[in-house]
There are 2 protein chains.
Amino acid sequence: MSVPLYQAKAEFFKTLGHPARIRILELLSERDHAVHELLDRIDIEPSSLSQQLAVLRRTSLVTSTRVGGEVVYSVSVPEVRDLLLAARRILSGIIAAQGELESELSPTAGS
Amino acid sequence: MSVPLYQAKAEFFKTLGHPARIRILELLSERDHAVHELLDRIDIEPSSLSQQLAVLRRTSLVTSTRVGGEVVYSVSVPEVRDLLLAARRILSGIIAAQGELESELSPTAGS
DNA sequence: TCACGACTTGATAAAGTGTGCAACTGTTCA
DNA sequence: TGAACAGTTGCACACTTTATCAAGTCGTGA
């Protein structure tokens, strides 16, 4: 392979490394959404949303279809949902551990 | 929670968004490694490695212990391994799909 | 105690990203 | 036909990340 796998992996994770893109994938893994629907749910400028959608399209994580006046997006890789769930699990673990550590250092109040 | 979960997730993925950090996590999920061992396996300057290790430490994905003259790193969140595997699966799927598309467009040779 | 190997830290230039505004394309419907 | 949506694209500016070089810390063994 021309691009080492670990580099492709890094690229892939980079794609997920933006709050708006995470939100988009979460919403799309519930059901397909038109751009203006995403816009209602995510607090972001239209042009910015469009840009983040473009990033996800480039990586083939989502696809878009024009349906009359609107453009509908859908996730093209359903396994992404598992990945987001796995991330949540790991994150919860880390946050919980940090919480414990914090209360250990300061038993009466959190800083 | 003060930081929305989707933002924490984005931060988390951002942490994984660098080839050296992926390599480090892959090596560490095989077994613990001292810094100079990682250095033997990853083509990168010592100071750069140290910097990437610092990023992983900040996110609590790895921990370090001084053992005599060397510093040994280990993954502190074993589930990371599952995440990397999941990423590989998704990535293989995408790459395979792109391969198919390519040979469809140009049945006799890849561009 | 001093030199050396093993790491980390600081500083900085170069490269990469994200944001918001303005302009532009494509559709619908009155 | 043209006003009004629905989206996308082009830019310029601010910000972040990364690579590299130099300097510094911490043990260990001669």
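Worth saying up front: this structure is predicted, and the values here are computed from it rather than measured. Labels below follow one simple rule: chain letters A, B, ... track the order of the sequence lines, proteins then strands, and each chain is numbered from 1.
Between A/Ile42 atom CD1 and C/dG20 atom P the separation is 14 Å, expressed in whole Å. Between the C1' atom of C/dT17 and the CG atom of A/Leu56 lies a distance of 15 Å, rounded to the nearest Å. In this structure, CG of A/Asp40 is placed 13 Å from C1' of D/dC5, rounded to the nearest angstrom. Atom CD in A/Gln52 sits roughly 11 Å away from atom P in C/dT17 (whole-Å rounding). Spacing between atom CZ of A/Arg58 and atom C1' of C/dG16 amounts to 13 Å, rounded to whole angstrom units. Following rounding to the nearest Å, A/Ile44 (CD1) and C/dG20 (C1') show an atom-to-atom distance of 11 Å. For the pair B/Glu45 CD and C/dT8 P, the computed distance is 15 Å after rounding to whole Å.
A distance-only check finds a donor-acceptor pair linking the side chain of B/Ser29 to the backbone of B/Leu25 [under 3.5 Å].
Residues B/Thr63 and B/Val75 are not in side-chain contact: their nearest non-hydrogen atoms beyond the backbone lie 4.5 Å or more apart. Between B/Leu5 and A/Leu91, the closest side-chain pair of non-hydrogen atoms falls below 4.5 Å.
A sub-4.0 Å separation between OP1 or OP2 of C/dA6 and a side-chain N or O of B/His33 is absent.
Judged as a salt bridge (charged side-chain N to carboxylate O under 4.0 Å, His left out), not a single pair has a partner in residues 69-95 of chain A (not counting sequence neighbours).
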Give each protein N/O atom lying under 3.5 Å from an N/O atom of nucleotides 6-9 of chain D, with the pair distance.
{"unit_1": "D/dG7", "atom_1": "OP1", "unit_2": "A/Val35", "atom_2": "N", "d": "3.2"}
{"unit_1": "D/dG7", "atom_1": "OP1", "unit_2": "A/Val71", "atom_2": "N", "d": "3.3"}
{"unit_1": "D/dG7", "atom_1": "OP2", "unit_2": "A/His36", "atom_2": "N", "d": "2.5"}
{"unit_1": "D/dT8", "atom_1": "OP1", "unit_2": "A/Tyr73", "atom_2": "OH", "d": "2.8"}
{"unit_1": "D/dT8", "atom_1": "OP2", "unit_2": "A/Ser50", "atom_2": "OG", "d": "2.7"}
{"unit_1": "D/dT8", "atom_1": "O5'", "unit_2": "A/Ser50", "atom_2": "OG", "d": "3.1"}

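The distance from the CG atom of B/Leu84 to the OH atom of A/Tyr6 is 14.5 Å, given to the nearest 0.5 Å.
Heavy-atom distances to DNA chain C give each of A/Lys14 and A/Val67 a nearest nucleotide, and the one nearer the 5′ end belongs to A/Lys14.
Counting side-chain heavy-atom gaps under 4.5 Å among Ile, Leu, Val, Met, Phe, Trp and Tyr, the cluster of B/Val72 also holds B/Val67.
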